[in-house]
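Heavy-atom basis, side chains included; hydrogens, waters and symmetry copies ignored.
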Amino acid sequence: MLEGAKSIGAGAATIALAGAAVGIGNVFSSLIHSVARNPSLAKQLFGYAILGFALTEAIALFALMMAFLISFVF
């Protein structure tokens with residue numbers, strides 16, 4: 001019973017990875033649209049896009065860490 005609950009909890013924790021993938025797609029989609037509108041700001045926009053990517057990826061790593069904690073620690 002406890003093992004099944006751990007599996008369900010770990011599966012529910014990994015749902016956030018799908019949200020992070022959508023977020024990363026939105027970041028780079030916005031970068032492409034922005035550079036297409038104003039190519040002279042490409043370097044500055046790329047820096048902002050990398051920051052957005054890093055923050056979104058951090059959320060994905062936290063979700064993955066929680067899934068592993070649920071699976072192997074508790």
Listed pairs under 3.5 Å, donor-acceptor, residues 63-74 side chains, sequence neighbours left out:
{"from": "S71", "atom 1": "OG", "to": "A67", "atom 2": "O", "distance (Å)": "3.0"}

List, one per line, each side-chain donor-acceptor pair under 3.5 Å for residues 53-61, sequence neighbours excluded.
{"from": "T56", "atom 1": "OG1", "to": "G52", "atom 2": "O", "distance (Å)": "2.7"}

Pairs under 3.5 angstrom only: tabulate donor-acceptor contacts from the side chains of residues 9-37 to other protein residues two or more places apart or in another chain.
{"from": "T14", "atom 1": "OG1", "to": "G11", "atom 2": "O", "distance (Å)": "2.7"}
{"from": "S30", "atom 1": "OG", "to": "N26", "atom 2": "O", "distance (Å)": "2.9"}
{"from": "S34", "atom 1": "OG", "to": "S30", "atom 2": "O", "distance (Å)": "2.8"}

